[in-house]
Asker: 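A single structure is presented below for examination.
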Amino acid sequence: MEKIDEYTIKVDDLVVTVTILGGKGVMKTYSVAVPTVAPATRALMNYIKHGLISEVSVSTGEMLDPKSIVQLKEKFSKRAVILLKDKLPNITAETSTLLINILMQEMLGLGDVEYLLNDEALEEIVINSSNEPVRVFHKHFGWLETNIKMDSEEKILNYSNIIARRVGRQITTLNPLLDAHLITGDRANAVLFPICTKGHTITIRKFARDPWTLTDFIKNRTVTPKVLALIWLAIQYEMNILVSGGTGSGKTSFLNIVMPFIPPNHRIVSIEDTRELQLPKYLYWCPLTIRQPNPEGKGEVTMLDLLVNSLRMRPDRIILGEMRKKDQASVLFEAMHTGHSVYATVHADSIAETIDRLINPPIEVPRNLLTGVHLNVVMFRDRRRGIRRVFQVGEFLPTMEEGTPTVKPNILYRWKPGTDEVVEHSSSVRIFEELSRHTGLTLPQIEKDMLQKQKILEWMVANNIRHVDAVGELIKNYYIDSESVIAKVGGV
């Protein structure tokens, strides 16, 4: 097989090589150079493992506390070095580091899966059963088969139990489903046999260590600076925005890249099923996530609980990971109409479909409340070409339907698949009028402001300012001293 790509990943103090193999007429595969251990060395490692278990005292609290894992690793590593030196006085530092890293992965981690967890190019890791190789979803190459295979179903069950214990949960024959988080923030889902008829299975969705930013989205043509300038203006002046799209279209990613437009002195409360948003450290942000019930069915904290509670936290902005149910939508739209700025995602493939989804079950928002939404951004995933694009950007225009107040869509920008461009479709009727009424700005002033923001975005792309905190710092500086930032980028 041909070598398509090669790079290195670091796991603690260990550096290993990843090779993507492929070629004509064969499926691409993912190969990681996992260190191998000879039988005699394995026997020594088992001896050290037993020694660590008997000599190093670990409290139940330490085992269950995700934050103490780092301290546990240090404690075990120090003792392991002494035990190794005792048995092999002439062992080199390099070999000692290698063996101790393997020990720590086996005792406190998920074994060979730790290599995959530390590869930032991976989005998903799937253990289907002990009869199949582990599969991964690579950012650049899609689904790949790896050279890692589980020895037995017992090992997969053990990994499931490790994940469950860390979050104070159980996974058993009676309770064979688990949805939890690793200490890295990655989301893990486990299903036991016989619910999964092939065997025990674990699916790990990776938490992005280096999240997408608006610079990345502009560079890969997902959105244009002009569209982002409009969204920046809407967010700055506290308008409500919904992001729609299908599964995997990039709704949450888009929401994440535009949140730095929020002024740094505004209190933000985000509510999610799983922590996916990663905002700059300059923002005044309180992230909330739901909690599943414990094995006795107690202690559950739902999205509705958090949504109702968030209104008592004096938020300026509320971010909802995904709007799914009627009770959530009712509270969210009520928040819009009581002066809070709201941002949320919803499953829909166009602006017209977003309106249909909102007014019909299961969300079923009263039509008259839809006027609370100012902008709707629709994301689209082209599966053939493997690209994601802003499909439509539009506003909700108030209208009457059979004597009942409702809204109709007005598409401002749309994506042209033939030329792969986001183009203007029609002029705004509502956005600029409301901006003018609430800010006192004239239309020429609003257009000049948008042009300045567009220049700043283009300058960020030209200077490759793409880290989430670097982007956040520039936008923070814009709110503190806009003239200096505009002068820096050579604005209008």
Side-chain angles (χ1 to χ4, degrees), residues 139-140 142 212-235 239-259 261 343-358 373-397 399 407-433 435 443 446-462 464 466 492:
K139 284 180 181 176
H140 307 297
W212 295 102
T213 57
L214 50 90
T215 306
D216 300 317
F217 269 48
I218 295 169
K219 276 186 174 179
N220 62 26
R221 298 167 64 88
T222 299
V223 68
T224 64
K226 195 169 187 179
V227 170
L228 280 178
L230 172 66
I231 292 166
W232 185 347
L233 196 68
I235 290 175
M239 291 185 160
N240 303 310
I241 299 174
L242 292 183
V243 181
S244 312
T247 303
S249 61
K251 299 186 297 297
T252 305
S253 296
F254 188 83
L255 193 63
N256 197 69
I257 68 136
V258 299
M259 287 302 97
F261 292 146
Y343 313 97
T345 65
V346 62
H347 275 275
D349 295 325
S350 68
I351 297 176
E353 192 178 318
T354 302
I355 295 170
D356 284 342
R357 281 270 295 150
L358 291 174
V373 179
H374 298 100
L375 266 183
N376 182 203
V377 179
V378 182
M379 299 299 295
F380 174 74
R381 178 184 177 192
D382 187 326
R383 285 172 170 78
R384 183 176 65 85
R385 287 186 279 181
I387 58 173
R388 292 172 174 86
R389 295 289 183 263
V390 166
F391 183 61
Q392 291 176 341
V393 179
E395 56 189 2
F396 284 10
L397 298 182
T399 185
V407 294
K408 65 177 182 179
N410 179 34
I411 299 169
L412 307 178
Y413 297 91
R414 64 183 179 87
W415 179 58
K416 287 178 71 176
T419 56
D420 191 19
E421 291 177 303
V422 178
V423 298
E424 288 188 53
H425 183 74
S426 59
S427 300
S428 169
V429 176
R430 181 186 177 194
I431 297 291
F432 293 152
E433 183 186 313
L435 278 171
L443 186 58
I446 291 170
E447 288 174 347
K448 184 182 178 183
D449 193 356
M450 274 187 63
L451 195 55
Q452 285 173 346
K453 287 176 165 59
Q454 188 177 329
K455 289 277 187 185
I456 293 168
L457 294 167
E458 288 167 353
W459 183 85
M460 288 166 75
V461 174
N464 199 33
R466 63 152 309 278
V492 292

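Computed from a predicted model, the values in this text were never measured in an experiment.
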Asker: Taking only residues two or more places apart in sequence, or in another chain, which ones meet Arg381 in a salt bridge (Lys or Arg N to Asp or Glu O under 4.0 Å)?
Answerer: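 Once residues adjacent in sequence are excluded, Arg381 has no partner under the salt bridge (Lys or Arg N to Asp or Glu O under 4.0 Å) criterion.
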Asker: Heavy atoms only: give me the nearest Thr354-Ser244 pair and the separation to one decimal.
Answerer: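 Smallest heavy-atom distance, with atoms named: OG1-OG, 2.8 Å.
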Asker: How close do Leu375 and Ala234 get, counting heavy atoms only, and between which atoms?
Answerer: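 Minimum heavy-atom separation between Leu375 and Ala234: CD1-CB, 3.8 Å.
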Asker: For a side chain to side chain contact (heavy atoms under 4.5 Å, CB included) check, start with the C-alpha distance between Lys226 and Val422, then their side-chain angles and the critical distance, and finish with the verdict.
Answerer: CA-CA 10 Å; Lys226 195 169 187 179; Val422 178; over 6 Å; no
Asker: Answer yes or no: is there a donor N or O on one side and an acceptor on the other, between the side chain of Arg389 and the main chain of Trp415, under 3.5 Å?
Answerer: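 Not a single qualifying donor-acceptor pair exists.
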Asker: Do side-chain atoms of Arg430 reach the backbone of Phe396 as a donor and acceptor pair under 3.5 angstrom?
Answerer: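 It does hold such a pair.
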Asker: Any side-chain to backbone donor/acceptor pair from Asn376 onto Leu242? Under 3.5 Å, distance only.
Answerer: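 At least one qualifying donor-acceptor pair exists.
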Asker: Rounded to the nearest 0.5 Å, how far does NZ of Lys251 lie from CZ of Phe380?
Answerer: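 Going from the CZ atom of Phe380 to the NZ atom of Lys251 covers 13.0 Å.
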Asker: How far does OG1 of Thr224 sit from CG of Leu230, to the nearest 0.5 angstrom?
Answerer: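 If I round to the nearest 0.5 Å, the distance is 9.5 Å.
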Asker: Between Ser428, Ser426, Ser427, which is the residue that forms a side-chain hydrogen bond (donor to acceptor under 3.5 Å, both in side chains) with Asn410?
Answerer: Ser426
Asker: Can a donor-acceptor pair be found between the side chains of Gln392 and Ser350 at a distance below 3.5 Å?
Answerer: no
Asker: Checking side chain to side chain contact (heavy atoms under 4.5 Å, CB included) for the pair Phe254/Val223: CA distance, chi angles, key distance, verdict?
Answerer: CA-CA 9 Å; Phe254 188 83; Val223 68; 4.2 Å; yes
Asker: Tell me whether Ser253 contacts the main-chain N or O of Gly250 through its side chain, where contact means a donor paired with an acceptor under 3.5 Å.
Answerer: no
Asker: So, taking the atom named CD1 in Ile431 and the one named CD1 in Ile231, what distance separates them when rounded to the nearest 0.5 Å?
Answerer: 10.0 Å
Asker: Quick one: are Asn256 and Trp212 in side-chain contact, heavy atoms under 4.5 Å?
Answerer: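 Side chain of Asn256 against side chain of Trp212, heavy atoms only: no contact under 4.5 Å found.
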Asker: Testing the basics here: between Val258 and Leu228, what is the closest heavy-atom pair and its distance to 0.1 Å?
Answerer: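 So the two residues come closest at CG1-CD2, 3.8 Å.
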Asker: I'd like to know whether NZ of Lys219 has more than 12 heavy-atom contacts from other residues, nucleotides or ligands below 6.0 angstrom.
Answerer: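 Yes.
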Asker: To check you understand the geometry: which heavy-atom pair defines the closest contact between Leu255 and Val243, and what is its length?
Answerer: CD1-CG2, 4.0 Å
Asker: For the pair Val227 and Val377, evaluate side chain to side chain contact (heavy atoms under 4.5 Å, CB included) and give the outcome as yes or no after the intermediate values.
Answerer: CA-CA 10 Å; Val227 170; Val377 179; over 6 Å; no
Asker: Mind checking whether Trp232 and Phe261 have parallel, tilted or perpendicular rings, split at 30° and 60°?
Answerer: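 Judged by the thresholds at 30° and 60°, the geometry between Trp232 and Phe261 is parallel.
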Asker: Glu424 and Tyr413: which non-hydrogen atoms are nearest, and at how many Å?
Answerer: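 In this case the closest contact between Glu424 and Tyr413 is CG-CE2, 3.2 Å.
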Asker: A side-chain contact here means heavy atoms from C-beta on lying under 4.5 Å apart; do Met379 and Thr222 qualify?
Answerer: yes
Asker: Apply salt bridge (Lys or Arg N to Asp or Glu O under 4.0 Å) to Arg466 and list each qualifying residue two or more places apart in sequence or on a separate chain.
Answerer: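 Counting only residues at least two positions away or on another chain, Arg466 forms a salt bridge (Lys or Arg N to Asp or Glu O under 4.0 Å) with Asp210, Asp216.
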Asker: Return the CG to CE distance between Leu233 and Met450, rounded to the nearest 0.5 Å.
Answerer: 6.5 Å
Asker: Rounded at 0.5 Å granularity, tell me how far CZ in Arg383 sits from CZ in Arg388.
Answerer: 8.5 Å
Asker: With rounding to the nearest 0.5 angstrom, report the CG to CD1 distance, Leu457 to Ile218.
Answerer: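 The distance works out to 5.0 Å.
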Asker: I'd like to know if the side chain of Arg357 and the backbone of His347 have a donor-acceptor N/O pair within less than 3.5 Å.
Answerer: yes
Asker: Would Met259 and Ile235 satisfy side chain to side chain contact (heavy atoms under 4.5 Å, CB included), going step by step from the backbone distance to the final call?
Answerer: CA-CA 8 Å; Met259 287 302 97; Ile235 290 175; 4.2 Å; yes
